[in-house]
Amino acid sequence: MHYWLMKSEPDAFSIDDLARVRTEPWTGVRNYQARNFMRDGMRPGDGVLFYHSSCAEPGVVGIAEVASEAYPDPTQFDRKSDYFDPASTTENPRWMLVDVAFKRKLKRTITLTELKELPKLDEFSLLRRGNRLSVLPVTKPQWDCILSLETR
DNA sequence: GCCAACGTTGGC
DNA sequence: GCCAACGTTGGC
């Protein structure tokens, strides 16, 4: 079992949206490193910290779960999609995704500000300078450390 | 293969 | 809205 963090802009797709639809294909990732994490790293059942970015209060807002093996992102073949990639083919798809399933909302947002204050998370890639990955790995100690803040 | 230009991310 | 950081593109 592995652990991950996935970012989403709540204006576009929030934890409440995920709670409503229950399961969502994670379309639109167009970064090779993030793709590789989904394609090569993720397995059904892996834990996911759901993170709200580019908003008033950035932070971890919920827990989700990887709900499928990786498969080709259908939006890369859709000419009408913002994520259309003319260089990708069905025989050799460039972009992969997984389904993400809702588990629960946190009792409160664990803010980015709080995470930065924890010495234990110095090595957490979310907090490293210039990090822009929208899908990134979380170690078990980091996972436990972050979630221990929920009821603090 | 280098690197400048450009686009995007995301916190503030 | 600003801007730092960083990935990608494309000319050479």
Side-chain angles (χ1 to χ4, degrees), chain A residues 2-21 24-42 46-66 70-100 102-139 141-150 152:
Chain A
H2 290 98
Y3 300 90
W4 310 92
L5 180 144
M6 298 174 86
K7 298 180 186 173
S8 189
E9 298 186 17
D11 289 347
F13 190 83
S14 71
I15 187 69
D16 291 323
D17 293 322
L18 184 62
R20 192 175 330 111
V21 300
E24 178 75 2
W26 210 249
T27 55
V29 172
R30 295 294 180 269
N31 171 284
Y32 289 105
Q33 213 178 334
R35 178 205 64 184
N36 293 348
F37 284 136
M38 290 198 287
R39 186 187 63 187
D40 308 328
M42 287 188 177
D46 282 359
V48 174
L49 296 174
F50 197 98
Y51 179 92
H52 279 174
S53 66
S54 294
C55 58
E57 193 176 51
V60 178
V61 293
I63 297 178
E65 178 178 282
V66 176
Y71 62 95
D73 181 342
T75 63
Q76 71 196 303
F77 308 123
D78 178 359
R79 288 184 178 282
K80 296 188 294 278
S81 170
D82 287 345
Y83 303 120
F84 177 63
D85 183 348
S88 189
T89 63
T90 47
E91 295 76 27
N92 192 15
R94 179 177 295 185
W95 304 111
M96 306 290 280
L97 54 66
V98 296
D99 292 342
V100 175
F102 179 78
K103 294 272 281 189
R104 68 178 181 88
K105 255 182 102 163
L106 298 190
K107 295 177 181 66
R108 65 180 191 89
T109 298
I110 298 173
T111 66
L112 176 62
T113 307
E114 288 174 80
L115 298 181
K116 285 177 177 172
E117 286 166 359
L118 295 177
K120 274 189 188 173
L121 296 180
D122 280 352
E123 301 300 311
F124 187 29
S125 57
L126 177 76
L127 307 177
R128 301 309 290 247
R129 197 176 67 129
N131 173 69
R132 299 184 322 184
L133 273 182
S134 62
V135 176
L136 50 97
V138 178
T139 66
Q142 288 165 349
W143 174 277
D144 292 339
C145 176
I146 292 163
L147 290 180
S148 72
L149 295 179
E150 184 180 8
R152 193 175 73 174

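Quick note: numbers below take in every heavy atom, side chains included, and nothing from hydrogens, waters or symmetry partners. Numbers restart at 1 for each chain; the letters A, B, ... are given by sequence-line order, proteins then strands.
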Let me know the distance between [atom1] of [X] and [atom2] of [N], rounded to the nearest Å.
X: A:Leu127; N: B:dT9; atom1: CG; atom2: P; value: 20 Å
X: A:Leu133; N: C:dC6; atom1: CG; atom2: C1'; value: 10 Å
X: A:Leu115; N: B:dG11; atom1: CG; atom2: P; value: 11 Å
X: A:Leu112; N: B:dC12; atom1: CG; atom2: P; value: 6 Å
X: A:Tyr32; N: C:dT9; atom1: OH; atom2: C1'; value: 11 Å
X: A:Gln33; N: C:dA5; atom1: CD; atom2: P; value: 18 Å
X: A:Asp82; N: B:dG7; atom1: CG; atom2: P; value: 16 Å
X: A:Asn131; N: B:dG10; atom1: CG; atom2: P; value: 8 Å

Exercise. Consider the side chain of A:Arg129, meaning its heavy atoms from C-beta on, and name the nucleotide among C:dT8, C:dA5, B:dC12 that approaches it most closely.
Key: C:dA5

Self-check item: Donor-acceptor pair under 3.5 Å, A:Arg132 side chain vs C:dA5 base
Solution: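 Flag set: donor-acceptor pair detected.
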
Practice problem: Look at A:Lys7 and B:dT8 and indicate whether a side-chain polar atom (N or O) is within less than 4.0 Å of OP1 or OP2. | Solution: no

Practice problem: Please state whether the phosphate of B:dG11, meaning OP1 or OP2, lies under 4.0 angstrom from any side-chain nitrogen or oxygen of A:Tyr51. | Solution: yes

Practice problem: Look at the aromatic rings of A:Trp26 and A:Phe50 and report parallel, tilted or perpendicular, splitting at 30° and 60°. | Solution: perpendicular

Exercise. Could you verify whether a donor N or O on one side chain and an acceptor N or O on the other, from A:Arg30 and A:Thr75, lie under 3.5 Å apart?
Key: yes

Quiz prompt | Separation of A:Leu136 CG from A:Phe37 CZ (nearest 0.5 Å) | solution =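 Going from CZ on A:Phe37 over to CG on A:Leu136, the span is 7.0 Å.
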
Quiz item: Going by heavy atoms in the side chains, are A:Phe124 and A:Thr139 under 4.5 Å from each other?
Solution: no

